[in-house]
Amino acid sequence: MQQRGMIAGGGVCFVVGALAFVGVFSYLAANFGYPQVLDGTAGEVLPRLRAGGETMRAVWAVYAFLPLLLVPGAVAAFLAFAASRGRMTLALVFASIGSLAMCLGLMRWPSVHWALAGAYASGDGATRAAIAAVFDGLNLYLGNYIGEFLGELCLAVFFFFAGLSQAAEPRKTRWLGWAGAVFGVMFAVGAFRNLTPAVAPLASVNNYLLPLWMIVLGVSLILRKNDA
């Protein structure tokens, strides 16, 4: 009974995380020009961040912690697909690393970038040039490499392994597993968008597929509690 509850609870975390992601993404898209704003300069982005006030900062803070919901979801998948223990152990490890990487990448916005925005507003030309260099460096390291590339690649590995494990089960829902494995491959390819613009269209599609698949996987785990 306890294990069934953990599986269902992890499924709920996937669903809640997906819906929260859609809400936060929609707010930032409407009020901050996200995700296109990520390619902007410090002079374009920091004043807009500061103009959003504490509401904007709070939304970014919520966004930064949302990836943590992937961890209990991954634990639920680990318990649910127990027959593939070795593969699911790797999946759980990659999900945990990916969740932490995404958190680190997103946390720069309500913390360091917020402080930079305040300093940029009152700084002179030399100060603003220095702030712009720090801003670009943080975006490249914490944003592109840690949050986007490492985080998304690890999450893709989780979806791929979880999908294979679900597909290996003697159930009518095996097709969900194959769909999850395919999505994992697509998500991994999209993670290379910072290296080649050729995969940028796929990465844009993945922004919509990610919450959708999290909901599908979460619901499948919730319903599974009856026969776990």
Side-chain angles (χ1 to χ4, degrees), residues 5-25 28 34-35 38 58-81 84-113 138-166 180-181 183-194 203 206-222:
M6 292 183 67
I7 293 174
V12 171
C13 286
F14 272 137
V15 174
V16 171
L19 296 177
F21 170 81
V22 171
V24 169
F25 193 98
L28 293 176
Y34 184 82
L38 299 179
V59 170
W60 273 112
V62 171
Y63 198 6
F65 285 99
L66 282 182
L68 293 178
L69 291 174
L70 295 169
V71 177
V75 171
F78 172 82
L79 295 175
F81 312 139
S84 302
R85 186 52 53 92
R87 187 161 49 211
M88 286 309 301
T89 298
L90 285 175
L92 179 57
V93 170
F94 275 103
S96 299
I97 296 174
S99 173
L100 178 59
M102 288 181 171
C103 283
L104 291 175
L106 292 169
M107 281 179 182
R108 75 189 189 278
W109 287 100
S111 57
V112 183
H113 279 358
L138 288 172
N139 284 341
L140 183 62
Y141 178 62
L142 287 177
N144 297 147
Y145 279 88
I146 301 298
E148 294 179 2
F149 186 67
L150 178 61
E152 292 179 13
L153 197 60
C154 287
L155 186 57
V157 173
F158 162 74
F159 284 128
F160 180 71
F161 282 164
L164 290 182
S165 299
Q166 188 173 15
F183 172 66
V185 173
M186 293 174 59
F187 204 65
V189 173
F192 287 87
R193 65 186 178 277
N194 291 313
N206 286 340
N207 286 333
Y208 299 96
L209 291 180
L210 175 60
L212 176 61
W213 184 249
M214 286 175 62
I215 291 174
V216 171
L217 179 57
V219 170
S220 72
L221 292 173
I222 293 171

For the residue pair [X] and [Y], establish whether any side-chain heavy-atom pair is separated by less than 4.5 Å.
X    : Y    : result
V12  : V15  : no
L155 : M102 : yes
L100 : V71  : no
R108 : N139 : yes
Y145 : L150 : no
L38  : E148 : yes
Y63  : Y34  : yes
F94  : L153 : no

Exercise for the section: Start with the C-alpha distance between L212 and Y208, add both sets of side-chain angles, then the distance that settles side chain to side chain contact (heavy atoms under 4.5 Å, CB included), and finish with yes or no. Expected result: CA-CA 7 Å; L212 176 61; Y208 299 96; over 6 Å; no
Which heavy atom of [X] sits nearest a heavy atom of [Y], and at what distance?
X    : Y    : answer
G10  : A76  : CA-CB, 3.6 Å
F160 : A181 : CD1-O, 3.4 Å
Q166 : S220 : NE2-OG, 4.0 Å
W213 : G180 : CZ2-CA, 3.2 Å
P211 : A18  : O-CB, 3.3 Å
M107 : A64  : CG-CB, 3.6 Å

Practice task
Using the side-chain contact (heavy atoms from CB on, under 4.5 Å) rule, pick out the option among L164, I7, L221 that qualifies with F81.
Solution key: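 Of all the options given, the one that passes is L221.
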How long is the gap from [atom1] on [X] to [atom2] on [Y], to the nearest 0.5 Å?
X    : Y    : atom1 : atom2 : answer
F21  : L70  : CZ    : CG    : 10.5 Å
I146 : L140 : CD1   : CG    : 10.0 Å
I222 : L217 : CD1   : CG    : 10.0 Å
C13  : L68  : SG    : CG    : 10.5 Å

Practice task
Take atom CZ of F149 as the centre, draw a 6.0 Å sphere, and report whether it contains more than 12 heavy atoms from other residues, nucleotides or ligands.
Solution key: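 Atom CZ in F149 is crowded, with more than 12 foreign heavy atoms closer than 6.0 Å.
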Handout entry: Side-chain (S96) to main-chain (L92) donor-acceptor, under 3.5 angstrom
Key =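 Checked: pair present.
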Exercise for the section: Can you label the angle between the F14 ring and the F159 ring as parallel, tilted or perpendicular, going by 30° and 60°? Expected result: tilted
Anything under 3.5 Å between a donor and an acceptor, one on a side chain of residues 183-190, the other on a protein residue two or more places apart or in another chain? List them.
none

Practice task
Mark yes or no: R87 above the aromatic ring of F78, with NZ or CZ under 6.0 Å from the six-membered ring centre and no more than 45 degrees from the axis.
Solution key: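 Verdict for F78: no cation-pi partner in R87.
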